[in-house]
Every structure is written in structure tokens, then in C-alpha cells.
Amino acid sequence: MSRLKIASWNINSVRIRLPIIAQLVKDESPDIICLQETKAQNADFPLAAIQRLGYPHMILNGQRMHHGVAILSKQPLVEERRFDWQDNGEARHIGVRLPNGILLENVYVPAGGDIPDRTLNPKFGQKLDFVQRMTRWSESLRDPTIILGDFNIAPLECDVWSHKALLDVVSHTPIEVEALTGLMQSHDWVDVARTLVPAPQRLYTWWSYRNKDHTVNDRGRRLDHVWVSPAMKDTLAGFRVLEPARSWEKPSDHVPLIAEFAL
DNA sequence: ATGGTAGGTTGCCTA
């Protein structure tokens with residue numbers, strides 16, 4: 001039996017966040033780090049710096065300026081595929097197969113703009129369509145899979161600082177929650193966070209930059225997720241949200257998730 | 001009720 005520790009983190013620019021990626025490695029030393037919003041095309045990815053941190057194996061799906069995902073690993077990985085669930089060329093997914101055969105899917109779901117109406121705001125429609133296409137893909141999945149990343153939807157009332165205040169705010173609207181619930185049901189996905197930190201416990205992974213001190217009113221949301229296939233449920237060995245990382249120097253607005261498996 | 005910040009690459013877009 002071996003232990004596998006995986007981190008998932010929307011870092012909002014991999015290049016500017018190198019010092020706190022180093023901090024994560026020092027504190028947690030995950031076997032695998034899944035990044036979202038790297039904001040670097042592959043040619044600009046800081047390969048040498050990441051290698052020096054002990055992650056010589058990197059699988060990248062980047063683009064200029066926006067989005068971008070990456071998987072950093074201590075051990076070799078085999079890239080499986082990259083999906084374009086929006087069908088617009090944006091770099092929002094990278095998938096690998098681990099040496100033990102398990103699939104690992106790293107996803108950055110579109111944020112969806114400000115107005116929760118697809119006729120007034122095409123970005124909102126693209127977000128819903130993205131989740132819909134993920135659902136179609138998920139229905140036919142057979143292999144044991146870990147899917148994680150920034151899903152940009154907080155599904156439960158206890159996943160946001162105020163359910164009432166956020167009902168019309170993109171990330172917590174009923175139509176988005178319905179879409180995410182449909183995705184979850186399409187494979188009977190296990191929500192790792194809520195299995196090990198059950199509702200209604202407070203659990204947030206993101207706090208807006210637009211507050212001077214995010215701890216004052218604690219207006220957080222749980223936008224980041226780790227889900228596993230039902231067949232992997234018995235392998236769950238730990239889950240934590242590294243909330244203190246929101247107070248590190250030059251922080252991301254998201255904090256790392258740590259999931260551990262006994263395989 | 002509004003506007004607030006951050007990052008990348010500009011004189012604005014996305015989050």
C-alpha cells in the first residue's frame with residue numbers, strides 16, 4: 001500500500017507565485033501539484049524553478065495571458081488528453097494517467113462573467129455549456145478517476161458566506177448548482193471535501209481580492225473541488241484546505257486543497 | 001447600494 005498526496009491550487013499566475021509555490025512544497029511536499037490559471041504559454045512556464053523545487057515532471061496546457069493548467073509531479077506521468085469543453089481553444093484541462101492506472105483530470109471551469117443570464121452575458125452560457133459537456137464526457141467514464149480543480153461553483157448553502165446574498169451572484173446561482181449537481185450524478189462522483197468535512201461545516205477555498213482584509217467579514221466561497229470515482233471512496237485518507245495560504249505574501253485569491261489517498 | 005483588487009499586457013480585459 002502506498003500513500004499519494006495531491007494538491008490542487010488556482011495560483012493566478014504561476015510566474016508571480018513562485019515564492020508561495022515554494023512555501024507549499026516546504027510545508028506539504030505533495031507528490032503531485034495541479035495548478036489552474038497559470039497565465040503563461042508553455043514557452044514561458046518557469047520550468048527550471050519548478051524543477052529545483054523537486055518536480056522535474058511537468059505536463060502543461062498553457063496559453064498567452066489567460067487560463068492555463070499544469071500538473072507538476074515528483075514521478076514521471078503520462079499525458080492522456082486535453083479536452084476543450086468550451087470548443088473555443090481555451091486551455092482549461094489537462095489529464096494524465098498515474099502509474100497505478102488511475103486517471104487524474106485537472107480542470108479550470110470558466111468563471112462565467114458577472115450577469116447570470118446567458119442572453120445578456122455569453123460567458124455565462126459558455127460556463128453552463130462547459131459543465132454540460134463535462135457531464136456528457138463523465139457519463140461514459142469507466143476507469144477510476146480523480147477530477148479536481150477550480151470549478152467556479154459553490155454548490156451548498158454552507159459553501160458560501162451568505163446563501164441569501166449570493167443567490168443571484170455567479171458561482172452560487174440555482175442554475176449553476178443544478179448543472180454541477182447533474183455533473184456529480186453523471187458518474188456518482190464522491191465529493192472528497194464534504195465526505196471528510198461534512199456539511200454544514202464552514203469550508204471555503206476562495207476570498208475576493210476586493211476586500212482589504214479577507215478575514216474581517218470572511219466572505220469566502222468553496223469554488224475548488226476534488227472528486228473521485230465511487231470505486232476510490234475507500235482510498236480516501238485525508239483532505240484539508242490550506243486556509244492560511246490566503247494570508248501569505250502576494251497570495252492567490254484561492255488557497256490550496258490537499259487530498260491524500262491510500263492506494 | 002456601490003465599488004472595491006490583482007495580473008497580464010495595455011491603454012482594457014478577465015477574474
Side-chain angles (χ1 to χ4, degrees), chain A residues 8-24 34-47 49-50 60-70 84-93 106-118 120-131 148-155 159-162 164-173 176 179-180 204-225 243 245-257:
Chain A
S8 175
W9 197 6
N10 176 321
I11 27 94
N12 184 20
S13 169
V14 64
R15 287 171 287 182
I16 212 153
R17 237 52 94 182
L18 280 170
I20 61 172
I21 294 173
Q23 187 67 48
L24 172 70
C34 296
L35 300 175
Q36 303 91 36
E37 225 182 335
T38 53
K39 289 186 170 175
Q41 55 192 334
N42 292 351
D44 294 335
F45 200 90
L47 295 172
I50 298 291
L60 313 176
N61 184 12
Q63 70 178 84
R64 201 172 128 91
M65 283 173 63
H66 299 302
H67 324 307
V69 289
D84 181 3
W85 282 306
Q86 230 177 164
D87 198 25
N88 65 356
E90 291 181 356
R92 295 183 176 275
H93 167 267
N106 180 16
V107 184
Y108 178 37
V109 175
D114 287 332
I115 305 166
D117 180 328
R118 71 189 308 155
L120 299 173
N121 168 25
K123 284 179 190 302
F124 190 69
Q126 284 169 8
K127 179 181 196 175
L128 296 176
D129 293 345
F130 188 101
V131 175
L148 53 73
D150 178 3
F151 294 3
N152 264 315
I153 299 173
D159 290 335
V160 294
W161 64 275
S162 167
K164 240 180 164 170
L166 292 178
L167 271 172
D168 290 323
V169 174
V170 173
S171 71
H172 192 61
T173 63
E176 290 168 274
L180 196 70
Y204 308 143
T205 67
W206 174 90
W207 293 260
S208 172
Y209 283 126
R210 297 176 188 180
N211 294 310
K212 271 197 175 64
D213 182 346
H214 76 281
T215 64
V216 170
N217 293 308
D218 192 28
R219 295 188 165 180
R221 306 178 201 170
R222 187 170 74 102
L223 302 180
D224 303 271
H225 301 273
E243 198 170 326
R246 188 61 181 78
S247 300
W248 289 350
E249 196 78 19
K250 294 274 277 176
S252 170
D253 44 356
H254 297 252
V255 294
L257 277 47

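In what follows, every chain begins at residue 1, and chains take the letters A, B, ... in the order their sequences are listed.
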Next item on the list: Could you give the distance separating B:dA15 and B:dT9 at their P atoms, to the nearest angstrom?
Entry: 15 Å
Margin query: Using heavy-atom distances to pick each residue's nearest nucleotide on DNA chain B, tell me which of A:Lys39 and A:Arg64 is more 5'.
Written below: A:Lys39
Next item on the list: Could you measure between the two P atoms, the one in B:dG3 and the one in B:dG7, and give it in whole Å?
Entry: 23 Å
Check: When you compare B:dA1 with B:dC12, how far apart are their C1' atoms, in angstrom units rounded to a whole number?
Finding: 26 Å
Notebook entry, point to check: Rounded to the nearest Å, what distance is computed from the CG atom of residue A:Asn121 to the P atom of nucleotide B:dA15?
Noted result: 10 Å
Check: Which nucleotide, B:dG8, B:dT14, B:dA6, lies nearest any side-chain atom of A:His67?
Finding: B:dT14
Note to self: It should be established whether A:Lys250 places a side-chain nitrogen or oxygen under 4.0 Å from OP1 or OP2 of nucleotide B:dA6.
What the structure shows: no
Checklist line | B:dT14 to B:dT10 separation - C1' atoms, rounded to the nearest Å | finding: 13 Å
Checklist line | Residue pairs fulfilling salt bridge (charged side-chain N to carboxylate O under 4.0 Å, His left out) with at least one residue in residues 216-225 of chain A, sequence neighbours excluded | finding: A:Asp159-A:Arg222, A:Asp191-A:Arg222, A:Arg202-A:Asp218
Margin query: What is the distance, to the nearest angstrom, from the NE2 atom on A:His66 to the P atom on B:dA6?
Written below: 18 Å
Notebook entry, point to check: Starting at the 5' end of DNA chain B and moving along, which residue's nearest nucleotide shows up first, A:Pro110 or A:Asn12?
Noted result: A:Asn12
Next item on the list: Quickly work out the A:Asn211 CG to B:dG3 C1' distance and round it to whole Å.
Entry: 10 Å
Notebook entry, point to check: Closest to the A:Ala111 side chain: B:dA15, B:dA6, B:dT9?
Noted result: B:dA15
Notebook entry, point to check: Do A:Trp85 and A:His93 have ring centroids that are under 6.0 Å from one another?
Noted result: yes
Margin query: Any donor-acceptor pair, under 3.5 Å, between the side chain of A:Arg210 and the base of B:dA15, if you only look at N and O atoms?
Written below: yes
Next item on the list: Report the distance from atom CZ of A:Arg219 to atom P of B:dG3, rounded to the nearest whole Å.
Entry: 15 Å
Next item on the list: Send over the distance from A:Asp114 CG to B:dA15 P, rounded to a whole Å.
Entry: 10 Å
Notebook entry, point to check: Taking the six-membered ring of A:Phe124, is the NZ or CZ of A:Arg118 close enough (under 6.0 Å from the centre) and on axis enough (within 45°)?
Noted result: no
Item checked: Separation of B:dC13 P from A:Gln63 CD (nearest whole Å) -> 17 Å
Margin query: Counting the atoms with a prime plus P, OP1 and OP2 as sugar-phosphate, which does A:Arg17 contact under 4.0 Å by heavy atoms, base, sugar-phosphate, or nothing?
Written below: sugar-phosphate
Margin query: Please report the distance, rounded to the nearest Å, between CD in A:Glu249 and C1' in B:dA6.
Written below: 15 Å
Margin query: Could you check whether any side-chain N or O of A:Asp253 sits under 3.5 Å from a backbone N or O of A:Trp207, counting only pairs where one atom can act as donor and the other as acceptor?
Written below: no
Notebook entry, point to check: Who are the side chain to side chain donor-acceptor pair (under 3.5 Å) partners of A:Asn217, not counting sequence neighbours?
Noted result: none
Note to self: Taking any heavy-atom pair under 4.0 Å as a contact, classify A:Lys212: base, sugar-phosphate, or nothing.
What the structure shows: nothing
Check: In whole Å, what is the span from the CD1 atom of A:Ile20 to the C1' atom of B:dG7?
Finding: 13 Å
Next item on the list: Using a heavy-atom cut-off of under 4.0 Å over every strand shown, decide if A:Arg92 touches base, sugar-phosphate, or nothing.
Entry: sugar-phosphate
Checklist line | A:Asn121 side chain vs A:Lys123 backbone, donor-acceptor pair below 3.5 Å | finding: yes
